[in-house]
Peer 1: 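I have a structure I would like to understand better, so I am pasting it below and will then ask my questions one at a time.
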Amino acid sequence: MAAKKIYPTPMLDVLEEGPWPSFITGIKALRDNHENQFIADVTSSLLGQLEHSYETRKGYWKGGTVSVFGYGGGVIPRFSEVADAFPESKEFHTIRVQPTPGNYYTTDMLNKLGDSWEKNGSGLQTFHGQTGNIMFIGTTTDGTQKFFDDINDYGWDMGGAGPCVRTAMSCVGAARCEMSNCNEHGIQRWLVNNFTDDVHRPALPYKFKFKISGCPNDCQNAIERADFAVIGTWRDDIRVDEAEIKNYVEAKGRQYIIDNVITRCPTQALALNDDDTIAIDNRNCVRCMHCINVMPKALRPGTDKGVTVLIGGKRTLKIGDLMGTVVVPFKKLETRDDYEELVELAEEIIDFWAENGLEHERCGEMIERIGLVNFLEGIDVEVDPNMVSSTRQSSYVRMDGWDDEAIKWFERKAEA
Amino acid sequence: MAMADMRPPIESGCPDGFQYMHPTMRRNFGLWKYHTDPKPGVLRHVAESGEEIFTVKCGTQRILDIFSLRELTSIGDEFADGFVRFTIRSNIEYYVTDESKIDPLIEALESKGYVVGGTKNSVAAMSHTQGWLHCDIPGTDASGVVKSMMDELIGEFKSWNMPNRVHITTSCCQINCGGQGDIAINIQHTKPPKIDHAQVSNVCERPSVVARCPVAAIRPAMVDGKPSLEVDEKKCICCGACFPPCPPMMINDAEHSKLAVWVGGNHSNARGKPTFQKLVASAIPNNPPRWPEAGAIVKLILKCYKEDARDWERVGEWVERIGWPRFFELTGLPFTKYHIDNWRGARASLNASTHIRF
């Protein structure tokens, strides 16, 4: 069955050429071959509007208010501003659905989700949007509720949209990566599922994102993008398989190992001995991962594993891009109590930010406005030299509490 | 329908991933020992137990129609073990434990037009945003830009010819949802918003729009007897932050919304600390359907990087080593006053030393 009306798409047609898979070819297939008349018509109209955007170099979607019963967020409402010309895609809402940590699926489950969407929506989906949601793109207000009721019955829940705790993301993790230092799956679900109310009912100053990477390679971009970044790391020595070091030297040559491993260590903690064994100054290793990345058969993270937590990463709006800042240099995550403490830290931070953040101010922006120390006092976390790249460079600060602070430092050291 | 008849949601949140995980992954969770790279697009992971799992990584069009999704799942059933995941860059990964399944799987994917690659020192699939297809504030498209560029970079996706991996991103507005990339192609508005004064008081909460401006260039004003907003065009940085909360602040412009290219964003802690991307080129036409001018600059930068960078250097590290003057010399791109930062923290980006290459 074909769409009742076909709109000409000369510019989009160009995007069917070339070797990379074409999204235009896919949308046209729905328009021309899908037996569901709604899908054929809505995708035809979508192509018409997109062609219009390509011609005029403007977007024509506007937001609005659409939700499902019981929730305040999770739907991205889209109403067309050019519905007179392209009426079949007048309403074209996206539903954000939380994936599993690490985005694992069986093919059966993907088919099942696809079937549900085919019954209630446009047949277009994305795995995944930049926040990490499965994006089911394009349905009516009525279809939104039906689709959600359907998938919610078999275990899927909506993600966040608006000023709320957002859908979280994890890397491939311990399920298939030898670099992993933590249970990313457990961390993500402990954290974000503690805040389901804050996911579904936007009431915070702005968005709040959790992202988890199993090692400092940070494949999830957590430090750059997450308000609450959890990065797996280790405290003890890098594990070395000397026989494999020798194999690398033999295969690649000494020069290669010196140029690409030894001298690339950011803290000069590596040396290649004359007998082709490796010397590692583990006290000065900053866990950057480079040597392990180059020689994964010979070097491995240690066994005293845990996580570093960094707070306040975000994209450009409004004060410019911010990286997260170390707030917890190292935390073991082994027992139930350990996980509960991590959740409590997240609660403290979100509560403090909800209380003190300005409207539309990300957590990192608030920290910049009030200063890291005020933030730390607000969430009851002690200062630590791992939180800074360098100490203060300006003398313009009142320091008459110095002696008390110094006593606190020695007391904390004595307790540790 | 009466409220009482409505179905209350089950607030199950983030689902458990273990139920969808390959049994070999479940058995060896946290017990992987090392990996090797048999060929582009294929990873082999070996566990302490001696068990192995192979990953075949496959690029997609990201905006998946149901026919394509079913094609990908049926390939997963017939040629792989029925367990998959999607990467952060919208590749689909298939898992098999039997090495002899790899080649038929790759053949099946490629025969349907999918592309296997994106591992190790390749140009990875571009991460992208919604664009004109579905966003409410975009200055450009995303899917079309990505399709156009990947058509040209497909050879680099399928091979290991780069000094290190290259992540390319796009963003359709200056909020930069595409994130940080070794190379980023982002919208850059060049003129202040045009204001639809008739609409402002109908659709905008004016104090929030005023508060949203990063440089305090917006103030309430009466225009033609109606409450509206005005922009101090000398202060305006054309960022578009006022547009999402107030669509009458029309920032998108067919001619003046340009593209800019940035380099050196890197999320990894490997070698150096994570870095943000830096501006290299702007005033590039936003030119659908193929954006050839932006594509040419990306390819130029990739060519210089490939020829000049050392093994394992990411784009940003390469520029850091050779210095910005040499970057502009090698690429032939112009260095302008717009490359010198005057925003927060700008001083940290100035050269306060005699470290100069001659």
Side-chain angles (χ1 to χ4, degrees), chain A residues 11 14-15 18-21 23 26 29-30 53-54 57 59 61-63 69-70 98 100-107 110-111 114 118 123 125-127 130 149 152 155 157 174-176 178 185 189 192-193 196 216-218 221 223-224 260 264 266 288-290 296-297 315-318 321, chain B residues 6-15 17 20-21 25 29-30 32-35 45 61-69 73 76-77 82 84-86 113 132 134 136 138 143-144 147 150-151 154 175-177 179-180 214 241 252 254 267-271 274 276 288-289 311-312 343-344:
Chain A
M11 289 180 95
V14 176
L15 291 172
W20 193 260
F23 68 111
L30 295 176
S53 280
Y54 270 59
R57 303 182 186 186
W61 297 109
K62 60 181 180 211
F69 179 70
Q98 296 191 52
T100 64
N103 305 330
Y104 290 90
Y105 302 91
T106 55
T107 47
L110 283 177
N111 287 334
E118 189 179 40
Q125 51 260 301
T126 287
F127 298 89
Q130 289 291 343
D149 287 345
N152 190 220
D157 197 2
R176 196 223 57 195
E178 74 272 25
H185 289 66
R189 296 189 73 231
V192 78
N193 285 351
T196 41
N217 281 322
D218 192 5
N221 302 358
I223 297 176
E224 287 175 352
N260 288 284
R264 306 297 270 278
C288 89
M289 297 299 293
H290 174 71
K297 277 182 94 168
R315 296 268 51 77
T316 315
L317 235 190
K318 152 181 167 176
D321 300 67
Chain B
M6 299 289 280
R7 173 190 172 282
I10 303 162
E11 302 206 35
S12 47
C14 172
Y20 306 122
M21 217 178 264
M25 291 178 158
F29 190 88
W32 294 97
K33 195 171 174 195
Y34 68 91
H35 80 276
H45 283 82
Q61 61 271 54
R62 187 174 184 266
I63 306 290
L64 285 175
D65 60 283
I66 184 66
F67 299 133
S68 298
L69 180 65
T73 57
D77 290 333
V84 299
R85 75 177 279 269
F86 288 89
W132 286 327
H134 205 257
D136 59 337
S143 324
K147 159 71 178 152
M150 289 314 292
D151 276 342
I154 191 166
I175 294 174
N176 190 20
C177 299
Q180 295 289 320
N252 287 320
H267 55 77
S268 175
N269 290 268
R271 300 169 301 284
F276 286 134
D311 284 357
W312 297 96
W343 182 239
R344 294 180 193 213

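Order of the sequence lines fixes the chain letters, A, B, ..., with proteins taken first and strands second; residue numbering starts at 1 for each chain. Hydrogens, waters and symmetry mates play no part in the numbers below; they use all other heavy atoms, side chains included.
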Peer 1: Of the listed residues (B:S68, B:A254, B:P289, B:C14), which shares the most heavy-atom pairs with chain A below a 4.5 Å separation?
Peer 2: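 Of the options given, most contacts go to B:C14.
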
Peer 1: Count the heavy-atom pairs under 4.5 Å between each of B:A241, B:G76, B:G82 and chain A, then report the option with the highest count.
Peer 2: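 So the answer, after comparing B:A241, B:G76, B:G82, is B:G82.
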
Peer 1: Go through the atoms of A:E118 and report whether side chain, backbone, both or neither lie under 4.5 Å from a heavy atom of chain B.
Peer 2: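 For A:E118, the side chain is the part near chain B, not the backbone.
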
Peer 1: May I ask you to name which of B:H35, B:M21, B:K147, B:Q61 has the most heavy-atom pairs under 4.5 Å with chain A?
Peer 2: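 If we count pairs closer than 4.5 Å to chain A, B:K147 comes out on top.
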
Peer 1: If you count heavy-atom pairs within less than 4.5 Å of chain B, which of A:R189, A:M289, A:Q98 leads?
Peer 2: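 Max contact count across the listed options: A:R189.
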
Peer 1: Side chain, backbone, both or neither: which part of B:R62 has an atom under 4.5 Å from a heavy atom of chain A?
Peer 2: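 It is both, since atoms from each part get that close.
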
Peer 1: Which residue out of A:P101, A:G70, A:G114, A:S53 racks up the most heavy-atom pairs below 4.5 Å with chain B?
Peer 2: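 That would be A:S53.
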
Peer 1: Is A:V14 in contact with chain B via its backbone, its side chain, both, or neither, using a 4.5 Å heavy-atom distance?
Peer 2: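 Its backbone and side chain both get close to chain B.
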
Peer 1: Out of A:G123, A:G155, A:G63, A:P266, which one racks up the most heavy-atom pairs below 4.5 Å with chain B?
Peer 2: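 Of the candidates given, the most pairs with chain B belong to A:G123.
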
Peer 1: Taking every non-hydrogen pair under 4.5 Å, which of B:L69, B:N252, B:I154, B:V84 racks up the most with chain A?
Peer 2: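 Between B:L69, B:N252, B:I154, B:V84, the count favours B:V84.
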
Peer 1: Pick from A:A175, A:P296, A:G102: which one has the most heavy-atom pairs with chain B under 4.5 Å?
Peer 2: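 Most heavy-atom pairs within the cutoff with chain B belong to A:A175.
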
Peer 1: At a 4.5 Å cut-off on heavy atoms, which part of A:N193 comes close to chain B: side chain, backbone, both, or neither?
Peer 2: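 Contact with chain B: side chain only.
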
Peer 1: Check whether any side-chain heavy atom of A:N152 sits under 4.5 Å from a side-chain heavy atom of B:S12, and report yes or no.
Peer 2: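 When only atoms from C-beta onward are counted, B:S12 and A:N152 do touch, with a gap below 4.5 Å.
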
Peer 1: For B:T73 versus A:T107, what's the shortest heavy-atom pair and its separation?
Peer 2: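 So the minimum-distance heavy-atom pair works out to O-CG2, 3.6 Å.
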
Peer 1: What are the two closest heavy atoms between B:D151 and A:W20, and how far apart are they?
Peer 2: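 Nearest heavy atoms, B:D151 then A:W20: OD1-N, 2.8 Å.
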
Peer 1: Is B:K33 atom NZ crowded by more than 12 heavy atoms from other residues, nucleotides or ligands, each under 6.0 Å away?
Peer 2: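 Atom NZ in B:K33 is not packed in, count stays at 12 or less.
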
Peer 1: Is it the backbone or the side chain of B:W343 that comes under 4.5 Å from a heavy atom of chain A, or both, or neither?
Peer 2: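 For B:W343, side-chain heavy atoms alone lie under 4.5 Å from chain A.
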
Peer 1: May I ask you to name which of A:L110, A:N217, A:T196 has the most heavy-atom pairs under 4.5 Å with chain B?
Peer 2: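 Ranked by contacts with chain B, first place is A:N217.
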
Peer 1: Can you say whether the rings of A:W61 and B:H134 are parallel (under 30°), tilted (30 to 60°) or perpendicular (over 60°)?
Peer 2: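 Taking B:H134 first and then A:W61, their aromatic rings sit tilted (interplane angle of 30° to 60°).
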
Peer 1: Report yes or no: do B:S268 and A:D218 form a side-chain donor-acceptor pair below 3.5 Å?
Peer 2: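 There is no such pair between these side chains.
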
Peer 1: I need the residue from B:G113, B:P15, B:A270 with the largest number of non-hydrogen atom pairs under 4.5 Å to chain A.
Peer 2: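 Looking at each option in turn, the highest pair count goes to B:P15.
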
Peer 1: Is the closest side-chain donor-acceptor distance between A:H290 and B:R271 under 3.5 Å?
Peer 2: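 Judged by distance alone, the side chains do pair up.
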
Peer 1: Which answer fits B:H45, side chain, backbone, both or neither, if we ask what part of it has an atom under 4.5 Å from a heavy atom of chain A?
Peer 2: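 Only the side chain of B:H45 comes within 4.5 Å of chain A.
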
Peer 1: Can we call the ring centroids of A:Y105 and A:F127 under 6.0 Å apart?
Peer 2: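 Here the rings of A:F127 and A:Y105 have centres that are less than 6.0 Å from each other.
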
Peer 1: In terms of side-chain geometry, is the basic nitrogen of A:K62 or B:D136 positioned less than 4.0 Å from the acidic oxygen of its partner?
Peer 2: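 No, A:K62 and B:D136 are not salt-bridged.
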
Peer 1: Name the region of A:L15, side chain, backbone, both or neither, that has any atom closer than 4.5 Å to a heavy atom of chain B.
Peer 2: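 Its backbone and side chain both get close to chain B.
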
Peer 1: Within the 3.5 Å criterion, strictly below it, is a donor on B:D65 or A:Q125 matched to an acceptor on the partner's side chain?
Peer 2: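 A:Q125 and B:D65 do not have a side-chain donor-acceptor pair below 3.5 Å.
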
Peer 1: Taking all heavy atoms of B:P274 and all of B:N269, pick out the closest pair and write down the distance.
Peer 2: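 Taking B:P274 first and B:N269 second, the nearest heavy atoms are CD-OD1, 3.3 Å.
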
Peer 1: Pick whichever of B:G17, B:P288, B:G30 has the most heavy-atom pairs under 4.5 Å with chain A.
Peer 2: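 Counting heavy-atom pairs under 4.5 Å, the top option is B:P288.
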
